[in-house]
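Data first, discussion second: the structure below is written as structure tokens.
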2 protein chains.
Amino acid sequence: MSRARLTDEDARFIEKYRPDAYPRPAVTVDIAVFTVIDARLVTLLIKRNEAPFRNQWALPGGFVRVGTSRKDQGESVDDAAARELREETGLPLDPTYLEQVAAFGKPMRDPRMRVISVAYFALIRPALGSLIHAGTDASHAQWVHVSDLKKRALAFDHESILSACLTRLRERVDNSNAAFALVGETFTIPELRAVHEVVHSQALDAGNFRRRFMRWREDGIIEEAPGKRITASKPATVYRFSQSR
Amino acid sequence: MSRARLTDEDARFIEKYRPDAYPRPAVTVDIAVFTVIDARLVTLLIKRNEAPFRNQWALPGGFVRVGTSRKDQGESVDDAAARELREETGLPLDPTYLEQVAAFGKPMRDPRMRVISVAYFALIRPALGSLIHAGTDASHAQWVHVSDLKKRALAFDHESILSACLTRLRERVDNSNAAFALVGETFTIPELRAVHEVVHSQALDAGNFRRRFMRWREDGIIEEAPGKRITASKPATVYRFSQSR
DNA sequence: GCTATAAAAGTCGATTTGACACTATAAAGA
DNA sequence: TCTTTATAGTGTCAAATCGACTTTTATAGC
């Protein structure tokens with residue numbers, strides 16, 4: 001498919017176009033960041049230090065930077081999500097996994113003004129997860145066990161957003177390569193199984209999971225890595241994800 | 001989960017808040033409307049009669065109506081999609097199926113200004129599909145065979161949007177009840193099979209599809225309806241979708 | 001009535017899945 | 001050093017599912 005061309009007429013029209021004719025919404029991104037800490041699925045919450053919902057817990061996120069001219073239209077929504085993630089977590093590197101979930105656009109979801117939010121979910125490797133908490137003020141950012149979320153009241157409609165992100169996460173762990181972003185660069189079969197178990201909060205048969213794993217291996221999705229993982233009992237074979245870009 | 005409450009402080013803050021601090025994007029909805037006409041999957045395209053991309057084909061859609069005050073924040077994005085669908089198709093009733101697909105937010109996707117678009121796909125029953133074309137100016141709205149889309153250049157990034165909507169449609173036909181929105185209120189097994197075939201553009205084994213169908217029936221998703229569908233050969237049993245709201 | 005056609009029903013082997021038993025290998029402790 | 005314990009890794013089996021295929025049945029059209 002090739003995109004339709006802009007005509008001279010278009011160019012003239014655009015030159016004259018005054019974009020202030022209609023009121024516009026503010027657009028934000030909100031990100032459900034997941035990782036696994038101590039064999040439990042956790043998500044990052046930020047304590048707001050501004051009204052509205054000051055001192056309440058919310059998902060990390062912020063406004064999409066929109067440029068000030070026709071030529072400079074600012075950053076993409078995806079880039080805004082990646083940037084906010086970097087800024088709020090303080091992580092130097094790109095997230096292992098970042099995917100858009102949906103736009104949330106009910107009126108009055110923000111009492112200040114009309115705000116439409118695009119939700120993302122991000123996955124962080126377990127080892128990095130602990131860094132975030134250490135780096136920032138502990139009272140400002142907090143990893144919260146997903147199983148404890150029911151007790152929490154979140155700002156805005158972030159409970160709905162988080163719920164949608166969780167559903168999407170579970171779907172991706174089952175049917176795509178998302179789970180590999182929740183283990184280390186190298187991992188054992190039981191480690192990967194633990195991720196699946198913790199995401200679905202249900203135990204999986206070790207033998208059956210291994211069979212499934214071996215099919216991924218045959219399909220070239222994962223490959224054996226050198227070394228063995230020393231555990232309290234029999235050492236486990238170590239693997240790595242093949243599509244490491 | 002209960003939402004966090006607004007405090008008095010919030011109320012005072014909101015009262016003083018001036019929402020014009022940062023530039024905002026325009027937000028639109030774009031809708032891929034699908035139906036089946038003459039046993040082929042088609043989507044509705046609209047010929048733009050304004051710049052940019054004047055006289056080019058585009059997906060139906062339009063701007064989300066944002067209110068002018070804190071109290072009146074306008075319509076929800078979902079409502080905007082339903083409204084645009086009504087307006088552009090002229091159909092009096094609600095669409096049988098309308099689902100958000102994703103937000104498209106790259107800068108420069110609209111040459112006039114920064115526009116973020118939320119994409120939806122809608123499904124229309126076959127009988128109603130023909131009405132639309134008849135009702136509007138034929139040169140203005142057109143049902144296009146999905147298999148012929150490669151040849152068409154569409155305005156904006158509507159080719160990407162349409163492609164994402166098609167992918168989602170196929171996923172929903174396979175794994176949810178979307179297909180029932182592409183047959184009549186009552187339908188036969190072969191009619192429903194034709195929908196699956198046309199969406200995936202591949203023939204399905206009649207016997208195996210029937211077996212799958214019968215499992216849906218056992219699960220109470222569909223139920224037998226009175227009467228028989230008269231065909232050129234053996235009459236077919238008629239069914240209906242059970243969850244008719 | 002005969003024929004063509006498609007709905008409807010049935011068959012069969014291959015594959016997948018879930019539940020479970022069994023074996024192998026290391027650490028830990030007596 | 002021998003035994004225990006834990007868990008990685010292997011194997012088995014029946015049930016469910018799936019794809020390809022055959023057979024029966026009911027109707028329209030000739």
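Both backbone and side-chain heavy atoms feed into the values below; hydrogens, waters and symmetry mates do not. A, B, ... follow the sequence lines: proteins, then strands. Residue 1 opens every chain. Keep in mind that what you see is a predicted model, and the values were worked out from it rather than measured.
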Hey, is the side chain of [X] poking within less than 4.0 Å of OP1 or OP2 on [N], counting only N and O atoms?
X        : N      : value
B:Arg210 : D:dG19 : no
A:Arg193 : D:dA8  : yes
B:Thr237 : C:dA8  : yes

Presence of donor-acceptor pair under 3.5 Å, side chain of B:Arg211 and base of D:dG19: yes
Mind calculating the distance between [atom1] ([X]) and [atom2] ([N]) to the nearest angstrom?
X        : N      : atom1 : atom2 : value
A:Asn208 : D:dA16 : CG    : C1'   : 14 Å
A:Phe209 : C:dT17 : CZ    : P     : 13 Å
A:Arg229 : C:dA26 : CZ    : P     : 16 Å
A:Arg215 : C:dT17 : CZ    : C1'   : 9 Å
B:His196 : D:dC18 : NE2   : P     : 14 Å
A:Lys234 : C:dT25 : NZ    : C1'   : 5 Å
A:Arg212 : C:dA19 : CZ    : P     : 14 Å
A:Lys228 : C:dA27 : NZ    : P     : 13 Å

Working to the nearest 0.5 Å, report the span between [atom1] of [X] and [atom2] of [Y].
X        : Y        : atom1 : atom2 : value
B:Asp79  : B:Leu98  : CG    : CG    : 10.0 Å
B:Arg152 : B:Thr43  : CZ    : OG1   : 11.0 Å
A:Leu169 : A:Leu162 : CG    : CG    : 10.0 Å

Along DNA chain C (nearest heavy atom to each residue), the more 5'-positioned of A:Ala206 and B:Ala206: B:Ala206
Among [options], which nucleotide sits nearest the side chain of [X]?
X        : options              : result
A:Ile189 : C:dA8, D:dT17, D:dG9 : D:dG9
A:Ala236 : C:dA8, C:dT25, D:dG9 : D:dG9
B:Ser233 : D:dA26, D:dG9, C:dA6 : C:dA6

Residue closer to the 5' end of DNA chain D, B:Gly207 versus A:Asp205 (nearest nucleotide): A:Asp205
Salt bridge present between B:Arg240 and B:Glu223 (N-O < 4.0 angstrom): yes
Audit row: B:Phe34, B:Tyr97, ring-ring contact (aromatic ring centres under 6.0 Å, His included) steps and yes/no: CA-CA 10 Å; B:Phe34 297 109; B:Tyr97 194 101; over 10 Å; no
